[in-house]
Peer 1: 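Below you will find the structure I want to go over with you.
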Amino acid sequence: MVPTGPLQGIRVMDFGWVVAGPRCGKTLADLGAEVIRIEGRGRIDTFRQGGGFVDGKELAPGGRFKEINRNKVAITLNMRHPKGLEIARKLLAISDVVIENFTSGVMDRWGFGYDVMKEINPGVVYVSMSGYGHSGPYEHYVSHGPIVQALAGFTHCTGLPDRRPVVMGAYADFIGGASAAFAVVAALAHRQQTGLGQYVDLAQYQAIAATTGTAVLDYTVNGRAAQRIGTGSYHQQAAPYGPYRCAGEDRWCAIAVTTEAEWEAFRAALGAPAWTRDQRFATMADRVGNRAALDERVTEWTRQHSPDEVMYLLQKAGCPAAAVQNAVDMARDPHLHARGFWEYQQDPQLGTQRFEGVPGRLSETPGRVRRPAPQVGEHNDYVYGSLLGMDEHQIQQYAEEGVF
Amino acid sequence: MNQDDGSVGALSHVRVLDLSDEKGVYAAKLLADLGADTIKVEPPGGDLTRQFGPFVDDVPDPARSLFFFHYNTNKRGITLDVERAEGRRLLLELVRRADILIESFPPGFLAGLDLAYADLARINPGLVMASITPFGQHGPHAHYKGSDLVAWAMSGYMAIMGYEDLSLPPLTVPFLQCCHTAGYYAATTALAAVLYRATTGRGQHIDVSMQEAMATMSETPNVFYSMDEVVLTRQWGYNGDPSGLRVFRSKDGYVDMGLGPFRRDIWPRWMTWMDADGQLGDLGDERWLDREWGMAHCDQMYGQVEAWTTTRTGYDLFNEAQTRRLEVAPVNDIPAVLADPQLNARGYFVQVPHPELDRTVTYAGAPYDLHGTPWSIRRRAPLLGEHNREIYLGELGLTEQALQEHREHGVI
């Protein structure tokens, strides 16, 4: 039988909520783990509900939920009910990983903290991904991805230098989820050696702070405080570099000339027009020093072509360039299609839906989108019946008592 | 977590070879910082990323690259020219002893040296190899030249990053995020493959595309289009919905706020607060809960809110917002991050000695605290060829004479 992925056989209790926690479970589920989403009837994931608004248009409910929770199974369980807690303990005994992204203290209040978990299952890997971590003055603060992104210095560096900073959506939630998934497999690798699980305190604040690259060192060593990056690069002074306007409405192509060889390729792609031999553009230092004049010349050329044309012409000559793709371009991208990146599943409400694929293609056990996101409590019978051995009557009774 | 406290990292049983440039160094750092014995393999002239700034005291020098410092913590360093036959033989000896190899050469480069995954797996069938490139190993764009910016543009994310004013360009993402996200995918899938190896004894090859990695790092553009045929343009990150987050001026900079107009669960709490500060104006009016009306007048609303936020500092707003269960945070610059009470209380920043520079440097710290096997910086990035003797003599058993010859011939 073809394995579901390299994490086949790993069972995850996923108490994740909205984005960051579920995004961790998404990676584990994509790689073949059995990820069981646990929701309370009175605590349904807010992402299942309203779809939000874009430019005044209301979106279909649950779209984002469906993307982040594909490949998972879902049960309902009332953790505030004594019998609910008892069920959770039984499920824990046959699970490998627990993930949640509650504010600090919720799991302890349920009587399901790590000290309880390790008594039941010493091999369990428990990743608690709160906003700020389980210590320090902000321990009990509420958080959202964009808030920790702002605190961590990330937002300050996003945007044009002479304008307001720009919020990069919920990127911190995604980094939080990605780093949590990595922490899980690392802890599982350790368990494979020692048999021991462990507790992972993942502060989303720290996870996003750790993506500011060399900015901390540049400050602590050189006293330089990173500023908004605009359309440039923090690590290399390079030109032409950044997005250039192309033919059409709001169409752009990014160009990244970082070596003299790439500049020669750029010149060749344009047919070596006279302006490219201008002494002001002779070396990288010259081009960086005369960036405004250079960008004007480059844009005169790019404006005559579509982003794809600019990309193909430059790439053919060996110069790094890339169309700035919007969602329509992404859906059509011939390269992504050739690689089979997009995957399709039947969603009960929305019909055939296109899903993002699984990056990191393993040659023997690739991750796949195997099923759409689960409905509320869709797998109660499977988990409570098949996994925990409860009979139909008992499941029915627990449902009536408000345990499920 | 601080310097080596004698504890053992989660991955201390894992040996990693890092042959990558900036595209793969983060993946290898993630593994190294959790204890994996990671060997950075540089060409004899030094890795290209040693040319990347910023530099210590702004002196451009391959031994002073803060880029190299940051991304190569906890790695040992050797030099090796894998393009020479003798270098290839030495690499195969290293591969024999490795669990994971990370590389980011253009697709086909290693195959051209008879170092394709299949060649390496003959030496070590359990080897897991992760290849990180802008577009992956195959497909019509596989041989395109790329960088973090190129992957960013093609990921669908750049198109939505910027200002509402479309005369301004879409924006670069700061600090190599495509390398970071591809790094997380590479490190995660590589370890998953190491776990899976226990059942089969066999490793595998992992193809990581930076474009694909970044394409999965937002909940909006692909989802909104595939589910609703909505195409996002540049939106300040709040997706065309003023009830999302937005940046306002504060007394000492900027704050990012989840204002939530039209939301009966949130908006009244802001109004209570603004009222307490004597800054409510007409925002207490019921009509601000009406989406249509509010959308048509949101510039007025933003103006009034900003008149209030500019009377308070960012941290002042942040701390009081927490008592009111509201979302606002200062848009901290890096000095403010270094001073932040939470990060300091958690021991986030790490002191790393650089004896050859005669100083100790403060580094960014752990993304996660594994309580049983802590994240730590046990050693600074290697000097060029710093561990050549340790590894070639001590582990591969080369003689002093052979090492000397390799050095003279430019193999190491």
Peer 1: Select one option (side chain, backbone, both, neither) describing which atoms of B/His205 are under 4.5 Å from chain A's heavy atoms.
Peer 2: both
Peer 1: Counting only non-hydrogen atoms closer than 4.5 Å, does B/Val328 touch chain A with its backbone (N, CA, C, O), its side chain (CB onward), both, or neither?
Peer 2: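 B/Val328 touches chain A through backbone heavy atoms alone.
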Peer 1: Is B/Arg249 close to chain A through its backbone or its side chain, or both, or neither, when contacts mean heavy atoms under 4.5 Å?
Peer 2: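 Both parts, heavy atoms under 4.5 Å.
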Peer 1: Would you say the side chains of A/Asp333 and B/Gln211 form a donor-acceptor pair under 3.5 Å?
Peer 2: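 The answer is yes; a qualifying pair exists.
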Peer 1: Step by step, would you call B/Thr216 with A/Arg23 a side-chain hydrogen bond (donor to acceptor under 3.5 Å, both in side chains)?
Peer 2: CA-CA 10 Å; B/Thr216 68; A/Arg23 184 59 177 70; 3.3 Å; yes
Peer 1: Could you work out, with ring-ring contact (aromatic ring centres under 6.0 Å, His included) as the rule, every residue matching A/Tyr138, not counting sequence neighbours?
Peer 2: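 Partners of A/Tyr138 under the ring-ring contact (aromatic ring centres under 6.0 Å, His included) test: A/Tyr132, A/Tyr141, B/Phe318.
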Peer 1: Side chain, backbone, both or neither: which part of B/Ala186 has a heavy atom under 4.5 Å from chain A?
Peer 2: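 The answer is neither part of B/Ala186.
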Peer 1: Tell me, side chain or backbone of A/Ile147 under 4.5 Å from chain B's heavy atoms, or both, or neither?
Peer 2: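 Answer is both: backbone and side chain atoms of A/Ile147 are under 4.5 Å from chain B.
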Peer 1: What residues form a salt bridge (charged side-chain N to carboxylate O under 4.0 Å, His left out) with A/Glu67, not counting sequence neighbours?
Peer 2: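 Expected list: A/Lys26, A/Arg70.
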Peer 1: Shorter than 4.5 Å, heavy atoms on both sides: which option in A/Ala265, A/Ala338, A/Ala256, A/Gly230 has the most such pairs with chain B?
Peer 2: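 Top option by heavy-atom pairs under 4.5 Å: A/Gly230.
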Peer 1: Just verifying a value: how many Å separate A/Cys253 SG and B/Met154 CE, rounded to the nearest 0.5 Å?
Peer 2: 8.5 Å
Peer 1: So what's closer than 4.5 Å to chain B heavy atoms on A/Pro3: side chain, backbone, both or neither?
Peer 2: side chain
Peer 1: Drop me the distance from A/Thr158's OG1 to B/Leu171's CG, to the nearest 0.5 angstrom.
Peer 2: 8.0 Å
Peer 1: Examine whether an atom of B/Ser218 lies under 4.5 Å from a heavy atom of chain A, and if so say whether it belongs to the side chain, the backbone or both; otherwise answer neither.
Peer 2: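 It is the backbone, since no side chain atom gets that close.
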Peer 1: As an exercise: rank A/Gly5, A/Ala183, A/Pro320 by heavy-atom pairs under 4.5 Å with chain B and give me the winner.
Peer 2: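 Option with the top pair count is A/Pro320.
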Peer 1: So which of A/Pro137, A/Ala181, A/Gly136 has the largest heavy-atom pair count under 4.5 angstrom toward chain B?
Peer 2: A/Pro137
Peer 1: If you tally heavy-atom pairs under 4.5 Å against chain B, which of A/Leu7, A/Leu160, A/Leu314, A/Thr194 wins?
Peer 2: A/Leu160
Peer 1: Which answer fits B/Gln342, side chain, backbone, both or neither, if we ask what part of it has an atom under 4.5 Å from a heavy atom of chain A?
Peer 2: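 For B/Gln342, heavy atoms of backbone and side chain both lie under 4.5 Å from chain A.
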Peer 1: Side chain, backbone, both or neither: which part of B/Tyr144 has a non-hydrogen atom closer than 4.5 Å to chain A?
Peer 2: both
Peer 1: Which bit of A/Leu31 comes within less than 4.5 Å of chain B, counting heavy atoms only: side chain, backbone, both or neither?
Peer 2: side chain
Peer 1: With a 4.5 angstrom heavy-atom cut-off, which part of B/Leu176 approaches chain A: side chain, backbone, both or neither?
Peer 2: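 B/Leu176 touches chain A through side-chain heavy atoms alone.
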Peer 1: When rounded to the nearest 0.5 angstrom, what distance separates NE2 in B/His70 from OG1 in A/Thr212?
Peer 2: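 B/His70 atom NE2 to A/Thr212 atom OG1 measures 7.0 Å (nearest 0.5 Å).
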Peer 1: According to the interplanar angle, ranging from 0 to 90°, do the rings of B/Phe52 and A/His235 count as parallel (below 30°), tilted (30 to 60°) or perpendicular (above 60°)?
Peer 2: parallel
Peer 1: Non-hydrogen atoms of chain A under 4.5 Å away: do they reach the side chain of B/Leu166, the backbone, both or neither?
Peer 2: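 When you check distances to chain A, atoms from both the backbone and side chain of B/Leu166 fall under 4.5 Å.
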Peer 1: With a 4.5 angstrom heavy-atom cut-off, could you sort out which part of B/Met214 is near chain A: side chain, backbone, both or neither?
Peer 2: side chain
Peer 1: Less than 3.5 Å apart, any donor N or O on the side chain of A/Gln325 or B/Ser155 sitting next to an acceptor on the other?
Peer 2: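 B/Ser155 and A/Gln325 do not have a side-chain donor-acceptor pair below 3.5 Å.
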Peer 1: Counting only non-hydrogen atoms closer than 4.5 Å, does B/His141 touch chain A with its backbone (N, CA, C, O), its side chain (CB onward), both, or neither?
Peer 2: both
Peer 1: Out of A/Gln198, A/His335, A/Met330, return the one with the most heavy atom pairs under 4.5 angstrom to chain B.
Peer 2: A/His335
Peer 1: Are side-chain N/O atoms of B/Tyr225 and A/Asn326 paired as donor and acceptor at under 3.5 Å?
Peer 2: no
Peer 1: Taking atom CG of A/Leu217 and atom CZ of B/Phe69, what is their separation to the nearest 0.5 Å?
Peer 2: 8.5 Å
Peer 1: Name the member of A/Val127, A/Thr258, A/Leu336 that forms the most heavy-atom pairs with chain B at distances under 4.5 Å.
Peer 2: A/Leu336
Peer 1: Side chain from CB out, backbone as N, CA, C, O: work out which of these in B/Asp148 comes under 4.5 Å of a heavy atom of chain A, or both, or neither.
Peer 2: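 Neither part.
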Peer 1: So which part of B/Leu34 gets closer than 4.5 Å to some heavy atom of chain A, the side chain, the backbone, both or neither?
Peer 2: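 Interface part for B/Leu34: side chain.
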Peer 1: When rounded to the nearest 0.5 angstrom, what distance separates CG in B/Asp369 from NE2 in A/His134?
Peer 2: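 Reported to 0.5 Å precision, the distance equals 10.5 Å.
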Peer 1: Identify which part of B/Tyr185 has an atom lying under 4.5 Å from any heavy atom of chain A, answering side chain, backbone, both or neither.
Peer 2: side chain
Peer 1: Drop me the distance from B/Tyr196's OH to A/Glu364's CD, to the nearest 0.5 angstrom.
Peer 2: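 The OH atom of B/Tyr196 sits 8.5 Å away from the CD atom of A/Glu364.
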